[in-house]
Amino acid sequence: MRILYLASLRTKAGTASEEVNPPPGIDTVGALIDWLRTQGPGHAAALADLAVVRVAVNQDYAKPDATVCAGDEIAFFPPVTGGAR
Amino acid sequence: MIRVQEEDFDVGKELADLRAGNTAIGGIALFVGTVRGEGGEATIGAMTLEHYPAMTERELERIEAEANERWPLEASLVIHRIGRLEPGAQIVLVITASAHRQAAFEACEFLMDWLKTKAPFWKREETPDGERWVEARASDDEAAARWSQED
């Protein structure tokens with residue numbers, strides 16, 4: 001599956017995107033986050049505080065119990081800041 | 001209609017295009033967001049707006065469809081710019097047109113509140129101390145939540 005880190009999470013993760021093949025059993029957003037956190041200090045930093053992490057699976061907002069599978073595009077990003085302040 | 005673009009927009013032209021030939025329109029509300037040159041105590045040189053292209057248009061279309069379900073709109077338009085913007089630049093335009101003013105006012109505010117909390121755009125500011133990502137404000141979520149509580 002393809003993982004994207006956007007905006008400040010890209011800065012924290014140290015990468016914009018990567019292809020990953022998580023082990024069997026990693027089939028929800030929550031499980032994927034737990035696994036990704038073990039993949040390096042950048043990943044752990046980017047996903048440390050889930051209060052400020054939003055997730056989209058195949059370009060739709062998703063919650064921790066949403067399913068993920070091979071071929072999905074999973075994006076992690078901070079709360080959005082568009083528009084005028 | 002929604003558009004995401006780097007280039008600036010001409011408010012007068014967009015307004016004229018939106019209402020062209022539609023005499024059912026009786027009221028139009030229009031919001032223009034611009035880049036401020038000050039943020040807290042720091043002076044901001046410029047900002048860069050990033051987005052998640054594959055998701056942005058889909059979310060904006062969803063937000064616009066929601067506004068059209070809630071209010072009897074004759075026409076609506078959302079333009080959001082991306083890329084580097086200097087202080088004073090226009091960032092976002094929302095126009096809503098309806099037979100009566102109340103629907104136009106409410107739908108315009110709804111669209112702004114929701115796009116600020118849903119559409120995947122992020123701002124990075126240039127300050128004398130370097131670049132910094134703008135953090136979301138809880139007040140934006142509260143503004144958007146108003147519309148849920150009314151259901």
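Naming convention: chains lettered A, B, ... in sequence-line order (proteins, then strands); numbering from 1 in each chain.
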Under the salt bridge (Lys or Arg N to Asp or Glu O under 4.0 Å) test, which residues partner B:E50, sequence neighbours left out?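 Counting only residues at least two positions away or on another chain, B:E50 forms a salt bridge (Lys or Arg N to Asp or Glu O under 4.0 Å) with A:R10, B:R124.
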
Please indicate whether [X] has more than 12 foreign heavy atoms, meaning atoms of other residues, nucleotides or ligands, lying under 6.0 Å from its [atom1].
X: B:R62; atom1: CZ; answer: yes
X: A:N21; atom1: CG; answer: no
X: B:E131; atom1: CD; answer: yes

With a 4.5 Å cut-off on heavy-atom pairs, point out which of B:R81, B:E59, B:H51 contacts chain A the most.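 Of the candidates given, the most pairs with chain A belong to B:E59.
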
Residues 1-12 of chain B: residues contacting chain A (heavy atom under 4.5 Å, by number):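 The residues closer than 4.5 Å to chain A amount to none at all.
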
Between atom CG of A:L9 and atom CH2 of B:W133, what is the distance when rounded to the nearest 0.5 Å?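 Reported to 0.5 Å precision, the distance equals 9.5 Å.
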
Under a single-linkage definition using a 4.5 Å side-chain heavy-atom cutoff for Ile, Leu, Val, Met, Phe, Trp and Tyr, are [X] and [Y] assigned to the same hydrophobic cluster?
X: B:V35; Y: B:V78; answer: yes
X: B:I82; Y: B:Y52; answer: no
X: B:L77; Y: B:V32; answer: yes
X: B:F110; Y: B:F31; answer: yes
X: A:I33; Y: A:L6; answer: no

Sorted by number, residues from residues 65-81 of chain A in contact with chain B (heavy atoms, under 4.5 Å):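 Interface residues of residues 65-81 of chain A: A:E73, A:A75, A:F77, A:P78, A:P79, A:V80, A:T81.
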
Chain B contacts: which residues in residues 34-63 of chain A have a non-hydrogen atom closer than 4.5 Å to it?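 Counting heavy atoms that sit under 4.5 Å from chain B, the residues of residues 34-63 of chain A involved are A:A56, A:N58, A:Q59, A:D60, A:Y61.
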
Proximal component of B:W122, with respect to chain A [non-hydrogen, under 4.5 Å]: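 For B:W122, backbone and side chain are both near chain A.
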
Interface moiety of B:A54 toward chain A, non-hydrogen atoms closer than 4.5 Å: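 For B:A54, heavy atoms of backbone and side chain both lie under 4.5 Å from chain A.
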
Examine distances only and state if a side-chain atom of B:H80 and a backbone atom of A:G82 form a donor-acceptor pair shorter than 3.5 Å.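 Side chain of B:H80 to backbone of A:G82, a donor-acceptor pair under 3.5 Å: no, none is there.
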
